[in-house]
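All chains are named by letter (A, B, ...) in the order of the sequence lines, taking the proteins before the strands, and each is independently numbered beginning at 1. Just so it is clear, the model here is predicted, and its values are computed rather than measured.
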2 protein chains.
Amino acid sequence: MKRDSRLSGVLHVLLHMAERAGPTTSDQLAKAMQTHPVVIRRILGGLRDAGFVHSEKGHGGGWTIARDLADITMADVYAAIGRPSLMAMGNRTEAPGCLVEQAVNAALDTSFHEAEALLIARFEQVTLAQLAADFHARMAARSSTPAQEHDHG
Amino acid sequence: MKRDSRLSGVLHVLLHMAERAGPTTSDQLAKAMQTHPVVIRRILGGLRDAGFVHSEKGHGGGWTIARDLADITMADVYAAIGRPSLMAMGNRTEAPGCLVEQAVNAALDTSFHEAEALLIARFEQVTLAQLAADFHARMAARSSTPAQEHDHG
DNA sequence: TTTCATGTAACTTCATATAGTGCGTGAAAT
DNA sequence: ATTTCACGCACTATATGAAGTTACATGAAA
């Protein structure tokens, strides 16, 4: 089953933005992410509507983070991209008339809802500031090659 | 993101088989599941290889459950279909050179692995016998229309 | 008024889950 | 023996959705 990488992508973009001083353009972020500028704009659209980032048009424009990194959790980002399903599995049919399927669905739903609740709870505990700190720790650990912080090779 | 319904499907098929006395053909199961016989054979292929069901060719052939329902857990069934990914989300890139992405991946992986472990643990606690019992309880509750146990409308 | 940058819609790939077809194999009934 | 039944499997077809791309409009600064 193919897995959604939007959450991973948004977090990645946000951390790259956080490493820069002024506004960052979609083009620059696309280069860093090895993708297309329009994809960046799509990814950040939800974040902008949720107030986590700000976008400016024209000369000197681009994207900036609108809040303190310590005030944005992974759960916030997850919500901003529309709370896509976390579970790769679903029921064959929802609201089935078949009682066998109802029994199966009930058993699966119970477990899946527990797992989703656990995930959301974990997401709420991790802020972008923590992720940035982890990144900087990795930077320090890779002391021999300190210029590769943006290496995507 | 589209969700895999194989686990739901296999459990459904197994419980339908359990309700019948002798062998059940792929055709009969396909009718009950409103799908194609080949789909049934594919679904049950992994279960056969794992020894949970038995298949017989020719006249009077079909599928039978090879073990006691109390000895088959949802985790067994999950394993038999190849342990497909349970999480709908993955990392943009695995083993990235980018330290930002490494930090993001690490944070996500931690949460996802926890959630997966929780799910597997729950699956291990539910046997097919329990699911069958739940089904029969639903049958009893729907006492006014007792002939609909195979209704898929 | 030219250049830069976002906002969006429409379109194209591309991956892949699911469904379906055709033919081969083996077992039982006649 | 031969017919019928049922699974096994390789292959094709279809549908869905994410990601990538193009095109153009909007708005701001040089």
Side-chain angles (χ1 to χ4, degrees), chain A residues 1-10 12-13 17 20 22-50 53-66 81-82 84-93 152, chain B residues 1-10 12-13 17 20 22-50 52-66 81-82 84-93:
Chain A
M1 165 82 41
K2 189 167 193 173
R3 290 150 97 189
D4 188 339
S5 63
R6 276 177 293 173
L7 181 57
S8 170
V10 186
H12 193 171
V13 172
M17 285 172 60
R20 293 169 154 272
T24 316
T25 67
S26 306
D27 254 306
Q28 293 169 321
L29 289 170
K31 287 276 196 325
M33 302 277 294
Q34 296 186 140
T35 182
H36 202 278
V38 173
V39 175
I40 299 292
R41 293 189 195 119
R42 264 205 292 262
I43 283 181
L44 290 180
L47 277 285
R48 179 193 57 229
D49 298 342
V53 301
H54 175 71
S55 63
E56 196 76 37
K57 289 182 179 177
H59 272 277
W63 300 88
T64 45
I65 296 187
I81 63 175
S85 169
L86 292 166
M87 298 294 123
M89 296 191 173
N91 296 324
R92 241 173 44 93
T93 54
H152 288 75
Chain B
M1 168 81 35
K2 194 165 193 173
R3 290 150 97 189
D4 188 338
S5 62
R6 276 177 294 172
L7 182 57
S8 170
V10 185
H12 192 171
V13 172
M17 285 171 60
R20 294 168 153 272
T24 316
T25 67
S26 306
D27 255 306
Q28 294 170 321
L29 289 171
K31 287 275 196 323
M33 302 277 294
Q34 294 187 141
T35 182
H36 201 278
V38 173
V39 175
I40 299 293
R41 295 191 192 116
R42 264 204 290 264
I43 282 180
L44 290 179
L47 276 286
R48 178 193 56 229
D49 298 341
F52 294 113
V53 300
H54 175 72
S55 63
E56 197 76 37
K57 290 182 178 177
H59 273 276
W63 300 89
T64 45
I65 296 187
I81 63 175
S85 169
L86 293 166
M87 299 294 123
M89 297 192 172
N91 296 324
R92 242 173 44 94
T93 56

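With rounding to whole Å, B:Met33 atom CE is found 13 Å from C:dT18 atom C1'. The distance from atom CG of A:Leu44 to atom P of C:dT8 is 13 Å, rounded to the nearest whole Å.
What you find for B:Gly60 and B:Pro23 is that their closest heavy atoms are O-CG, 3.6 Å. Across all non-hydrogen atoms, the minimal contact from B:Arg3 to A:Met89 is NE-O, 3.4 Å. B:His36 and B:Ala30 make their closest contact through C-CB, 3.7 Å (heavy atoms, listed as atom of the first residue, atom of the second, distance). Nearest heavy atom pair, residue A:Val53 against residue A:Leu44, reads CG2-O, 4.0 Å.
Judged purely by atom type and a 3.5 angstrom limit, A:Ser5 has no side-chain atom pairing as donor or acceptor with the backbone of A:Ser8.
For C:dG7, the OP1/OP2 oxygens have a side-chain nitrogen or oxygen of A:Ser55 closer than 4.0 Å. Side-chain nitrogen and oxygen atoms of A:Arg92 include none within less than 4.0 Å of the OP1 or OP2 phosphate oxygen of C:dT18.
Rounding to the nearest 0.5 Å places CD1 of A:Ile65 at 12.0 Å from CZ of A:Arg20.
The shortest side-chain heavy-atom distance between A:Arg92 and B:Arg6 does not fall under the 4.5 Å cut-off. Looking only at side-chain heavy atoms (C-beta outward), A:Arg41 and A:Ser55 stay at 4.5 Å or farther from each other.
The nucleotide range of DNA chain D contacted by chain B, defined by atoms under 4.0 angstrom from heavy atoms of the protein and reported 5' to 3', is D:dT4 to D:dA18.
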Could you go over nucleotides 14-17 of chain C and give all protein N or O partners under 3.5 Å, atom names and distances?
unit_1 : atom_1 : unit_2 : atom_2 : d
C:dA17 : OP1    : A:Met1 : N      : 2.7

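Tested against B:Leu7, the residues B:Leu86, B:Ile81, B:Ile43 include a single side chain to side chain contact (heavy atoms under 4.5 Å, CB included) partner, B:Ile81.
Of the N and O atoms on the side chains of B:Trp63 and B:Thr25, not one donor lies less than 3.5 Å from an acceptor on the other residue.
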Going 5' to 3' through nucleotides 21-30 of chain C and flagging B where a protein heavy-atom sits under 4.0 Å of the base, S where only the sugar-phosphate is that close, and - otherwise, we get B---BBBBS-
